[in-house]
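To start, the structure itself, in structure tokens.
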2 protein chains.
Amino acid sequence: MARHARYDRKTALEKAVGLFWAKGYHGSSMKQIEQALDMRPGSIYATFGSKDGLFSEALAAYAEQGGRELAVHLKGFDSIVEGLQDYLRGIACTCGDKGAAPSRACMIVKTLLESSNTHPALADQANSILSAIEQSIAGLVEQARVNGELVQSTDSQRLARLLQAQIMGLRSMGERKLDPQIMRDLGDDMAAILDGYRTQH
Amino acid sequence: MARHARYDRKTALEKAVGLFWAKGYHGSSMKQIEQALDMRPGSIYATFGSKDGLFSEALAAYAEQGGRELAVHLKGFDSIVEGLQDYLRGIACTCGDKGAAPSRACMIVKTLLESSNTHPALADQANSILSAIEQSIAGLVEQARVNGELVQSTDSQRLARLLQAQIMGLRSMGERKLDPQIMRDLGDDMAAILDGYRTQH
DNA sequence: TTATAACTTGAATGACCACTCAATAACAGT
DNA sequence: ACTGTTATTGAGTGGTCATTCAAGTTATAA
């Protein structure tokens, strides 16, 4: 009946994530978006509706990818706590690594800080995603508690928020481009915080 | 010889801090700046040179103010460690409070995340300020170690970075606008991290 | 009072912003 | 080959961006 779409939505979104993650919403112009996606304005607007729409979809794609990575990471560990500790150390390594990701800081946090007083809709979306992540970490922590890895009196939600704050802080520190060894030490220190909540010392 | 300046530089900078802290560099237009400072473009450019120049001075003013607040806060404590712990709890309360500051997150971190891939000069400035803060915290931690508040083997620089990351994470979490009690708990949990480095348990 | 220097004003500037749409191109079904 | 449908193109839209500067205003010095 008609012509094929030359562009794959998923591929285009990945490229959009790359640009938005690096430069943020206000820092990415349509000109740059056109170049990054190799699409002309008409196609972009036909596919994603608006710059807002594209950013929103990109942020959702980023969050989904991040969630998948955490899940995959934890698959490799018998102990949930050790998995989380290694996750923190892994972030510290990634943040120490040069020129890998578009940015070392978390795109969700960057979006939250950028948009909280300029773009409520984006801030709401970032907040929702952060709540979902908090919940999923809380689920893991609760499971670890039930498993006996953590002291019985542990408040899972509360520990989850402490961990989420660690990740935010760690990745924001990453943006400072400190020496990789320093980032590794920081990751270790954050992982060690969890030891204080474990049953066996 | 000539006319007085109608505008006080310091006052204007305070107003600029209010706007830039809330909306960031890209999110603040010259129109909004004119309104916030109650100055016309000519006066702004005569006084601060450019939007960049104004932002840079505002960021420096913000950092100086923040440094002063930390120093004043610690004056009220005999124990440096307890002073730092209370500082964390205080941030948590401020972040839980409604409609106080222009933003709950730290302007320096906001600037770093916003500008690291769009405005290298601003990113450099933010990095310098963060290094200076790290150093000043390290000095406090070292003093606490020498005082015998912290275990002798404590790496002051390293603990300083862990604390800085806590502040970053805490204030970023503040931007989520969670329940004040939740923020207080988070502040307590972060303060408790320091207990692990203390001499007396 | 007058001359002069310092400061303020705001309309004007060209560049760039997100976005639109008529024209064109590429397919599928007949 | 022809037709109908859908995708792509890119010059063009009005608006906003940071910035400039000639003209106007206000103070001080002579």
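Naming convention: chains lettered A, B, ... in sequence-line order (proteins, then strands); numbering from 1 in each chain. For clarity, every value in this text was computed on a predicted model and none was experimentally measured.
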Protein-nucleotide distance ([X], atom [atom1]; [N], atom [atom2]), rounded to Å:
X	N	atom1	atom2	result
R40(B)	dA18(D)	CZ	C1'	17 Å
K31(B)	dG15(D)	NZ	P	13 Å
H26(B)	dC17(C)	NE2	P	11 Å
Q35(B)	dG10(C)	CD	C1'	15 Å
D52(A)	dA18(C)	CG	C1'	10 Å
D8(A)	dT8(D)	CG	P	11 Å
M30(B)	dG15(D)	CE	C1'	18 Å
Y7(A)	dT8(D)	OH	P	6 Å

Would you indicate, yes or no, if [N] has its OP1 or OP2 atom less than 4.0 angstrom from a side-chain nitrogen or oxygen of [X]?
X	N	result
R6(A)	dT6(D)	no
H4(A)	dA28(C)	yes
Y45(B)	dG10(C)	no

For S43(A) and for S43(B), locate the closest nucleotide of DNA chain D by heavy-atom distance; then report the residue assigned to the nucleotide nearer the 5' terminus.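 The residue whose closest nucleotide sits nearer the 5' end is S43(A).
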
Which of these nucleotides, dT8(D), dC17(C), dG10(C), is closest to any side-chain atom of P41(B)?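 Looking only at side-chain atoms, P41(B) lies closest to dG10(C).
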
Quick one: does [X]'s side chain have a donor or acceptor within less than 3.5 Å of a partner on [Y]'s backbone?
X	Y	value
Y62(A)	M107(A)	yes
K98(B)	P180(B)	no
K110(B)	G24(B)	no

Under 4.0 Å between any heavy atoms, over every strand shown, what does T47(A) touch: base, sugar-phosphate, or nothing? Just pick one.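 Answer is nothing: T47(A) stays at 4.0 Å or more from every strand.
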
Stepwise side-chain contact (heavy atoms from CB on, under 4.5 Å) check, K15(A) with T11(A): CA-CA 6 Å; K15(A) 292 174 181 170; T11(A) 311; 4.2 Å; yes

Identify whether the distance between the nearest side-chain nitrogen and carboxylate oxygen of E34(A) and R40(A) falls below 4.0 Å.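 No salt bridge links E34(A) with R40(A).
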
Check if the side chain of R3(A) and the base of dA26(C) share a donor-acceptor pair of N or O atoms closer than 3.5 Å.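 Checked by distance alone, the answer is no.
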
Here's a test of your reading of the structure: between A46(B) and G42(A), which maps to the more 5' nucleotide of DNA chain C?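 Checking each residue's closest nucleotide, the 5'-ward one belongs to A46(B).
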
